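Sequence lines set the chain letters: A, B, ... in the order given, protein chains first and strands last, and positions in each chain run from 1. These values consider heavy atoms only, across backbone and side chains, with no hydrogens, waters or symmetry-generated copies. Keep in mind that what you see is a predicted model, and the values were worked out from it rather than measured.
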Number of protein chains: 4
Amino acid sequence: MPGNSFGYTFRFTTWGESHGPEIGCVVDGVPPRIALSEADIQPWLDKRRPGQSRFTSQRREPDEVRIVSGVFEGVTTGTPITLIIANQDARSKDYDEIKHSFRPGHADYTYLEKYGVRDYRGSGRASARETAMRVAAGAIARKILGDGVTVRGAVVQIGPHAIDRARWDWDEVDRNPFFAPDAGIVPTWEEFLDGERKRGSSAGAIIEVIASGVPVGLGEPVYDKVDADIAKGLMSINAVKGVEIGAGFAAAATPGEHASDEMRMDGDAVTFLSNQNGGVLGGITSGQDVVARFVVKPTSSILTPKRTVDTSGADVDVSVKGRHDPCVGIRAVPIGEAMVACVLADHLLRHRAQVGPSEK
Amino acid sequence: MPGNSFGYTFRFTTWGESHGPEIGCVVDGVPPRIALSEADIQPWLDKRRPGQSRFTSQRREPDEVRIVSGVFEGVTTGTPITLIIANQDARSKDYDEIKHSFRPGHADYTYLEKYGVRDYRGSGRASARETAMRVAAGAIARKILGDGVTVRGAVVQIGPHAIDRARWDWDEVDRNPFFAPDAGIVPTWEEFLDGERKRGSSAGAIIEVIASGVPVGLGEPVYDKVDADIAKGLMSINAVKGVEIGAGFAAAATPGEHASDEMRMDGDAVTFLSNQNGGVLGGITSGQDVVARFVVKPTSSILTPKRTVDTSGADVDVSVKGRHDPCVGIRAVPIGEAMVACVLADHLLRHRAQVGPSEK
Amino acid sequence: MPGNSFGYTFRFTTWGESHGPEIGCVVDGVPPRIALSEADIQPWLDKRRPGQSRFTSQRREPDEVRIVSGVFEGVTTGTPITLIIANQDARSKDYDEIKHSFRPGHADYTYLEKYGVRDYRGSGRASARETAMRVAAGAIARKILGDGVTVRGAVVQIGPHAIDRARWDWDEVDRNPFFAPDAGIVPTWEEFLDGERKRGSSAGAIIEVIASGVPVGLGEPVYDKVDADIAKGLMSINAVKGVEIGAGFAAAATPGEHASDEMRMDGDAVTFLSNQNGGVLGGITSGQDVVARFVVKPTSSILTPKRTVDTSGADVDVSVKGRHDPCVGIRAVPIGEAMVACVLADHLLRHRAQVGPSEK
Amino acid sequence: MPGNSFGYTFRFTTWGESHGPEIGCVVDGVPPRIALSEADIQPWLDKRRPGQSRFTSQRREPDEVRIVSGVFEGVTTGTPITLIIANQDARSKDYDEIKHSFRPGHADYTYLEKYGVRDYRGSGRASARETAMRVAAGAIARKILGDGVTVRGAVVQIGPHAIDRARWDWDEVDRNPFFAPDAGIVPTWEEFLDGERKRGSSAGAIIEVIASGVPVGLGEPVYDKVDADIAKGLMSINAVKGVEIGAGFAAAATPGEHASDEMRMDGDAVTFLSNQNGGVLGGITSGQDVVARFVVKPTSSILTPKRTVDTSGADVDVSVKGRHDPCVGIRAVPIGEAMVACVLADHLLRHRAQVGPSEK
């Protein structure tokens, strides 16, 4: 049943399989008269694109996006915007081997059990290739949010190695192949990941996304809280196993007097003295930075043989040769950013529906 | 804009404020001919009810539920089921003091900024009182899931004190006021919470919910993955700041060869050799236990004075006297169970829509 | 599956059966800070109330509405507004006779076939009693639309007798028991309906609803056209068998040169020289009057015995004694108005979401 | 805001403009393992295709459909199915003339007022070209409904000339360029339409769609009644101004004793002695033929000059040269069929969700 759409007033629907001819999305509800061209979308796709370092999949996809509808003479018209990317470097033959066996950690088994059929080539619909369209939709969401809102992500942990938050520098993020905000961690991660890759293993990661400049008042209590929608959006990304807002799980051990962010006037403006709540109170943005974190499990496709079963019900061992990211979490940065941007854009429009324009 | 509904084919809508005359919910999409009476719902409400130990709020609410529609001669009719609970022990006067000031950590500020008006009595709509209706809806969800599916929760951490998982015993959960599955932790938590309460503070907690007997195949990729919907459902509970599935954030540091659950045949049945993925692969249930965890921040209402501002824009200090849970996470157990049950019931029906009846 | 809600950004959900203790609705998405009390809603309910003339059902229901949530200190808070009406004059014994037989023209047969169970008392959920909650929701919709928008209805045909449109006078509508805008037709309808009632029959009717002052630009092409939503809303009313916009079915025989409304400038304003399109072009309001018409079939419950079958599969005859409207279409006027008002309010908010505030 | 999707569990989203590179749709919620290829869809598109007689538009579009996702090795996989048609014969130059003026009866004015921008080429998104994708989606809906359900349409009136229903013969429908079920009316319509075309005018039409073999029990009261959804679906088609179910508007003048269809047993089966209600009782299918009728207004684009205004606010006259159908209602037959098929397929799945498989 319809599970391929995300959002309420700003809603996108994605389609396509890893080894089909094209993947695409339809973005509906976009306000009219926003300047939009492929050049607004391509840079974000390039950021997610595989094959840019030895730490990501070697599949070569230019991921060149094409706007097929909804834009006229350089601006959005208010009608659905369709974005299409052609698949180019699909090597289906790589997958013949696993046609009849279920790769552990993958959706092979559950797709077949659910649907009674599966497109095994490159994981079909379950492939992380789908996430390219999230990034594309996210680029449009950013246009709706406007220049006042910034949505940025960074990797804060790979394997057991966390960054030193005291050294956080946004400028570093684009200077290393890990989207690390801490230059100091880069050699550690290089060495660690090279090791994991060489011994046929893979590594997990934690990504942090921060949205700044978000107007106060976004979010629809009680079920469509902005953080509930962010949690859904991030958890829907392939391989994600957890989501936090603000202090997150650390809140369990925080004493009550430090958990709620105190407030003071700063001239005419209300300011918060901390941000344990990650910019969300009661499901509504507070005007502080919205801070979300999510964990991506280690890539399931590894060279080390693993025990599994095949479709005939026999025990077999499988090792996965294809071209895979040793740490799929790295490329999750632009995807996580996109999902947060999409949630915020949706809630900006939802808020405008009920209450009228929001001001910061 | 409509944010007070949850679910797609099994959908409930809640309404009511902490100090209004009644709170209620409408549960739509329930299959017909299911035996249902208040007696099926009340026990779960009783579990959530405040005032049952010194570790929860002293507000005395019998929380007696009334079925007002959708049931005829003891069975559901397929029409919307409305459940209503009268508010009885609302002491609005307790809130006069905070009428004009924003309690830190609460939704006071964001509600007023968003809507330009707020019902300050007992937090109005933002009160955890709303969660009673989630529990009530969850009781109906359990009836849809049937006896083969069990959804149980337990507190696994309070403050910095985590249980010893080796001592996990479901039978213990109902024998202590903390829903602890580990009898050994109980004295520690008692002492810790008494201390926090006495010094005017409060504590956070982590709750784990496990659903057993869940059929394989539930979940709608790619955006309505069953774990994405669980994440949304749990994150939408008051004071929740994080959600995990299976290994959760620990997956970051798990090597790839241990992260994906291997499989073997056990006679005719497929079995998994571990459950790092928490019963979900590619957003679809695998037939293993569905394992979710969420963190509840410390109660924001504490006796210790905190810095804040008032509606006139002046700096003030506020300490909250009302009747509050020193650890609101404890009562979150039945709420978390309810949300997981509702997500699973919804996906059971969604799956049936597209693919036909699911069998285990 | 959830079929008891209407609307997208302004959405209401109704519940309750004809002979249950209460009926009610939850109205979600209402903008905050709108003055609202029972006195804003009751007059519309009074207009629909049965028992006000010999031409409507003799069931005596005060239909006194109670606002249970979502309003604080006289204004809406942006949270869900729940409205409840107690059922008072339900005489379930009247229905014992038809407990086991299917009344022709009613939903008895289809409800039982669909759900395998039915609440036969007063048609249960299928009763026109449900429409009271539409009228209540419509009263809130009117408040959202504001004083600049007027939504009015009138009966334009009963049985074979149509009004003379040249004599249309809105002031007449409240002066006769038929909501007739043509005083001249009243004696004809009285005589006709008395005759139908006495011979144990019933009559159909056509109702016209006109919304004036509607801003240009409301409606979401291509599937959520404002006229498509009006068609759905009106067709969802009990016993409605057809809906028209503007010229409606007469458009088939209209030559092309008269079918499309020509335009001219009137000073700075665009004016239309006719309104064949009923105020909607391409699914979007044009600023002209929105004109909708719908037909209500004759009341199915009549004294004349009719052939039917019973639940045991035997041929039986049934005549319906209860208390019924000889022409149920009369009381459909406030219901039709309410549905049009709800569609327009929803689209006003939807438009505001995507494009920003609409101006007239 | 998202208005480009239709359906709930079987849902399709269309995109594209008349003169864009491609138009397409995404069909989500389709059950898996249904055999599907372009050959299942193309015949229905061919039926709608323009340029097949002098009575339809001379635009030459092969309307060749391409399945881009959701089908693997000849069967549906349960993932979204994307269908794309390339636009080939778009002559945008034809529209330069009306770039700055509003064609009466068209959506030119309302689109510009709503969005502040419009793609004027071939009416952009408001073009009837969009309906090709409805027909494509309808072909998939037919596969879901299965061979037991037949959805057929016919033109029953053009201009003032109605068919003789006594001569109804489904076999005739494909033997004439009007989809007329009455061979006797064909010469009348030919002569009439030739006349209208020559004098630069156009004609309206009434189409009837009949679905046979529909299981009893489809439809979700009270707002998602199956006839309410049919009404919305048909009214959302370009140029439609009215929708009827069963007796439709004639029900107003039908005496009560003839309006409700009597029932009798026929062996073990329930039979109805008439079908005034068009196969729907209380919003739920009764197992009788579902009968819907809709009216299509005369083509607004005619050669006869008409008064209008331009974007600069000046009075101008406009006559439309492009290539247009003299009676756009003719090609509405396959479109109406498609919408009815889509509604029924959606409700089949919705019913299955709540109640389980439906049997006839």
Side-chain angles (χ1 to χ4, degrees), chain A residues 1 3 6 104-105 107 110 113-114 126 130 157 160 201-202 204 206 216-217 220 222-225 227-228 231-232 235-236 241-246 248-249 251-253 255-257 259-260 262-265 270 281-282 284 286 295 297-298 300 302 304 306-309 313 315 350 353-354, chain B residues 1 3 6 104-105 107 110 113-114 126 130 157 160 201-202 204 206 216-217 220-225 227-228 231-232 235-236 241-246 248-249 251-253 255-257 259-260 262-265 270 281-282 284 286 295 297-298 300 302 304 306-309 315 350 353-354:
Chain A
M1 245 189 43
F6 189 80
T110 51
E113 285 288 311
K114 181 180 186 70
E130 186 271 344
Q157 184 176 328
S201 186
S202 60
I206 298 176
V216 62
E220 301 300 326
V222 297
Y223 293 100
D224 296 349
K225 290 184 163 92
D227 43 351
K232 174 168 180 163
M235 193 69 96
S236 76
K241 302 306 288 181
V243 180
E244 293 182 326
I245 302 293
F249 278 89
E257 65 271 27
S260 50
E262 295 183 291
M263 304 163 78
R264 276 292 178 248
M265 296 306 299
V270 168
L281 287 169
I284 302 169
S286 65
V295 61
K297 68 178 183 180
S300 296
I302 55 176
T304 306
K306 304 213 69 183
R307 289 171 289 176
T308 189
V309 301
D315 287 347
R350 291 180 73 166
Q354 186 179 15
Chain B
M1 244 190 45
F6 188 80
T110 51
E113 284 290 310
K114 180 179 186 69
E130 187 270 343
Q157 185 176 328
S201 186
S202 60
I206 297 177
V216 62
E220 302 300 324
V222 298
Y223 295 100
D224 296 348
K225 289 183 164 95
D227 44 349
K232 174 167 179 165
M235 194 69 98
S236 75
K241 302 307 288 182
V243 179
E244 293 183 325
I245 303 292
F249 278 90
E257 64 273 28
S260 49
E262 295 183 291
M263 303 163 79
R264 273 295 179 245
M265 296 306 298
V270 168
L281 288 168
I284 302 171
S286 66
V295 61
K297 69 178 183 180
S300 295
I302 54 175
T304 305
K306 305 213 70 181
R307 289 171 290 178
T308 189
V309 301
D315 288 347
R350 293 180 72 166
Q354 187 180 14

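Under the 4.5 Å side-chain criterion, counting only non-hydrogen atoms from C-beta, B:R307 is not in contact with B:P104. The closest side-chain heavy-atom distance from A:I245 to B:M235 is below 4.5 Å. When side chains are defined from C-beta on, A:V222 does not count as touching B:S236, because their heavy atoms never get closer than 4.5 Å.
Note on A:I206, A:V270, A:T304, A:I284: by heavy-atom pairs under 4.5 Å with chain B, the leading option is A:I284. Considering only heavy-atom pairs separated by less than 4.5 Å from chain B, the leading option among A:G313, A:G246, A:A126 is A:G313. Heavy-atom pairs under 4.5 Å with chain B peak, among A:A259, A:A251, A:A228, at A:A228. With respect to chain B, the highest number of heavy-atom pairs below 4.5 Å among A:G242, A:G282, A:S300 belongs to A:G242. For the set A:G105, A:S286, A:P160, the count of heavy-atom pairs under 4.5 angstrom toward chain B peaks at A:G105. Listed options B:R264, B:K306, B:K297 were ranked by heavy-atom pairs under 4.5 angstrom with chain A; first place goes to B:R264. Of the listed residues B:G204, B:A107, B:A252, the one with more heavy-atom pairs under 4.5 angstrom with chain A than any other is B:A252. When A:Q157, A:E244, A:Q354 are compared by the number of non-hydrogen pairs under 4.5 Å with chain B, A:E244 comes out ahead.
Remark: side-chain polar atoms of B:S202 are not paired, donor with acceptor, to backbone N or O of B:I302 under 3.5 angstrom. A donor-acceptor contact shorter than 3.5 Å links the side chain of A:D315 to the backbone of B:M265.
Of the two parts of A:K232, the backbone and the side chain both hold a non-hydrogen atom closer than 4.5 Å to a non-hydrogen atom of chain B. Of the atoms belonging to B:K241, heavy atoms from both backbone and side chain fall under 4.5 Å from chain A. With a 4.5 angstrom heavy-atom cutoff, B:E113 touches chain A only via side-chain atoms.
The heavy-atom pair separating B:V243 from B:F249 by the smallest distance is O-CE1, 4.4 Å. Smallest separation of non-hydrogen atoms from A:R350 and A:D224: NH2-OD2, 2.8 Å.
Side-chain contact check for B:E257 and A:S201: at least one donor-acceptor pair (N or O, by modelled atom type) lies under 3.5 Å.
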